[in-house]
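Read the structure below first, then the notes.
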Protein chains: 2
Amino acid sequence: MSKEHGKNFINGSRSSDGNTVINSYSAFSGEPLNTTFFQATQAEVEAACASANEAFFEFCNFSSSKRAKFLNCIADELDALGDDFVEIVHQETALPYPRINGEKSRTSNQLRLFAELLSRGDFYGARIDTGDPSRQPAPKVDIRQYQIGIGPVAVFGASNFPLAFSTAGGDTAAALAAGCPVVFKAHSGHMKTAEIVAEAIINAAQKTDMPSGVFNMIFGSGVGKALVQNPHIKAVGFTGSLSGGNAICKMASERAEPIPVFAEMSSINPVILNEGAIKNRGKLIAKELADSVVLGTGQFCTNPGLVIAIKSESFSSFIDDLSTEISNKASSVMLNKGTLSSYVSGIETLEKYHGIEVLSRGQSHEGQATPYLFKASSKLLLDSDELLQEEVFGPATVLIEAQDRNELIKCLSAMRGQLTATLISEEDEMAASSDILSLLQHKAGRVLINGYPTGVEVCDSMVHGGPYPATSDSRGTSVGTLAIERFLRPVCFQNYPDHLLPDAIKNSNPLRINRLINGSFTKDSINL
Amino acid sequence: MSKEHGKNFINGSRSSDGNTVINSYSAFSGEPLNTTFFQATQAEVEAACASANEAFFEFCNFSSSKRAKFLNCIADELDALGDDFVEIVHQETALPYPRINGEKSRTSNQLRLFAELLSRGDFYGARIDTGDPSRQPAPKVDIRQYQIGIGPVAVFGASNFPLAFSTAGGDTAAALAAGCPVVFKAHSGHMKTAEIVAEAIINAAQKTDMPSGVFNMIFGSGVGKALVQNPHIKAVGFTGSLSGGNAICKMASERAEPIPVFAEMSSINPVILNEGAIKNRGKLIAKELADSVVLGTGQFCTNPGLVIAIKSESFSSFIDDLSTEISNKASSVMLNKGTLSSYVSGIETLEKYHGIEVLSRGQSHEGQATPYLFKASSKLLLDSDELLQEEVFGPATVLIEAQDRNELIKCLSAMRGQLTATLISEEDEMAASSDILSLLQHKAGRVLINGYPTGVEVCDSMVHGGPYPATSDSRGTSVGTLAIERFLRPVCFQNYPDHLLPDAIKNSNPLRINRLINGSFTKDSINL
């Protein structure tokens, strides 16, 4: 490991021009860990962005196979990190070892999936309309389109995924795959982790001959504004709280040049229970749901925060079962002191709130998060009460009992945008829920039947996104290969000689990719 | 034609609750035309947006063939509009009859192209990852993704294209194709035209059983803010000036919920001349370029506003030739008084500006726009002088002589984002310009070789977009089938029984569309 601990990563070198130093803390003791970090100065932020911009013009023109090699090499470097690395992540985040190892594999697999996507080539969006000089009333010119990187991307890592949604996480992988250099703002919750991962990326960049500014990382609080507002930055990826995401959107809106901001923020991930399902397998559902609520101390953006069903005897029994399940759950350590105090204050607010009651609480332990089950009046949802719509980040969930089907639909309609929405139902009652399912697709990025929203598969079909406030732009996903689209823009070439065209749209189709030629998809070459 | 002239179109009816009436004017005499228009009240704007929202839930779930029928029917209705309609457009805009008829065909062809796109089905972006219960360490769930409409879209029509970029123009066609109802703000420059086209759309909506709120149109100035900030509106399409587009972006940024704004704004469309080309065919290029500059009184967003080459004897001769060509060009009537006075004041500013000289002017005529050719010091571009970067809307262009190749590249690098960039070059000198071409793809949405940017083909491959300030979001195009992507968002379905899935991602592939299944594109059905 490098001897230059705590310095910013700028243009392939380490930099520590500032006077402000900050600490990373043990998630267990709250004590500062041994490395101090240099907060980036304004000039360092600018230098990082300028180096990303300089790298862009070379990087975005690299062949997709060359960029794939870089991504695979980062994955190899990550895989090579051993137990000492896992121990550091554990110290900074209190996440259990198996979870960290799982997240590490997920992160390198994600990089490899983007490398595969680069080979497949559909991200190019290659489209060709060949010319026709004889067309009347005017000749038709040859026009060809593909997608290129939008420019340098600023990425803000998440507190809750120190690897998969951080330094070498999905946003970084998608941006690099798209040909966009990255300026990454390390999360204050796991800066030692970030440093080691950034070193892995830089090693990979050097081994695969990438330009030195292809990846940069800055430390510090209060450096976000300078980053988002830097003219070289052409898009932003963010994972975090609603207030954090809204702040980033506001910073971006103050720029002269608007840029897309993809902030993944707040979601309460409603779970709707049909009567037949709770009647036939209520105890099992209660157990599975309780497991999903406390999984990873509830520190997932897909944590089920709202459970809703129509009043019935079965639902009453289910409520009892779920209460028992939650009361049997152990407390656990959260990511850091700030996360725990947010959770505690969120719980206190719910406890005191008119129309909300505590149904049960899990075991408690000093300095840990206690699981909670609340019941809220449906009126709170119907009145669009802010409180119930806001995510409480941690192992808590809120039950709502609708008086009838009409009220259930009204409750669901009043809900804000979500990452996920889930229907638990027996086969024979699903068809009758088709109106609910149709509504849910406008409320969420992912709709599940008979599953639990925690656990986000990294694949082509995944949408980890959704209408506001789940994200700031429902047209993007931050997980899965479609994530690359956020950082690409189309450009077309009119009347170009073949040899000057990018490979993706040359007559001979040297990349052997699927292309839309004169309205039909084909891998054929063009013989003019 | 309807007897209810001048009223807003809301939810399939006409509405005139307000007290403010406004006029449309003759582009020739400046006198008010016989119909007065009712400015929409705040409540009417809200009603229009609410009706679009109500229509959305039905409209977006229609089969693509049903939406295609609607688009084709609008096209038929437009085609059926006769000479009396063309006369009205002519009165309001002063555009010549052949141009209006051409634009009318272009508009209906555009609608038909989107109908074809709906049949082709690739806009669904269908992706399927089938499940694998035996996968280790965790089973793989079945996940399927497609794209649905984002919600109601606000569209602001352009002054310079009363048909193709207005009421039933590209933004409206793309939004309707995507399953998004439209609230259209009629441009004050051609409200009578807008009314007739809106009636055609409403007729088509009724004939094809669309929900009554599928298309709404409001009149008036100062109603834009209420429209853009209405919570039902989920995206904005705009074509107009830089200041207008910036204002719309600012309005949108003040919303609680961020929405994408696709504003197509300002572009000077640089034309770069290589020495060989001007040496071998300078006179022809001068003639073609002059024709392109004055085409349609220069009232195109793709009008070539900047011509740049390296200093040479050939370029000096070319400058003389172009000066002669421009001096022989006639003046012509602009769209309206406002457009003319903007042009005149733009010309006056250029005339007085330090470092800019008039090379020649065309014939002048009271109340008409005179063509102008200017020459500017390259220093103005290098110093990022605002003036030279701003579009002067009308038949004027500015020449720049670079001292050497190095200065040419610096000038191009200093240029802001453009809709188009053009290289005029002989075959044998193109390869040496590959660095310039590579730079231009980051500066523009469309790069041309040996052509002129005026004339925007409506096809799959077209990009009518580009980096700011050409547009507010370089990831979109407002012409061509890719325009639909602006108004779609992905949603995925996890563990769904086949019969509840949308047709686009059902096992049997009933729509016979191309889909990405487990990483490969195929039209095959799935046998599980």
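Only the side chain of Arg120(A) comes within contact range of chain B, with heavy atoms under 4.5 Å apart. Contacts of Ala126(A) with chain B are absent, with no heavy-atom separation under 4.5 Å from either backbone or side chain. Proximity to chain B is limited to the side chain of Ile148(A), based on heavy atoms less than 4.5 angstrom apart. In this structure, the portions of Phe493(A) lying under 4.5 Å from any heavy atom of chain B include both its backbone and its side chain. Looking at Thr420(B), neither its backbone nor its side chain comes within 4.5 Å of chain A, counting heavy atoms on both sides. In this structure, the portions of Asn495(A) lying under 4.5 Å from any heavy atom of chain B include both its backbone and its side chain. With a 4.5 angstrom heavy-atom cutoff, Asn450(A) touches chain B via backbone and side-chain atoms both.
The ring-ring contact (aromatic ring centres under 6.0 Å, His included) test applied to His442(A) returns Phe56(B), Phe57(B), not counting sequence neighbours. Residues that satisfy the side chain to side chain contact (heavy atoms under 4.5 Å, CB included) test with Glu116(B), not counting sequence neighbours, are Leu113(B).
For the atom pair NZ of Lys234(A) and CZ of Arg475(B), the computed distance is 14.0 Å after rounding to the nearest 0.5 Å. Note that CG of Asp473(A) and CD of Glu257(B) are 10.5 Å apart. Values are rounded to the nearest 0.5 Å. Residue Ser461(A) holds its OG atom at 8.0 Å from CG of Asp142(B), rounded to the nearest 0.5 Å.
When all heavy atoms of Leu500(B) and Ala431(A) are compared, the pair lying nearest together is CD2-CA, 4.4 Å.
Put simply, the side chain of Tyr496(B) never gets that close to the backbone of Val447(A): no donor and acceptor are under 3.5 Å apart.
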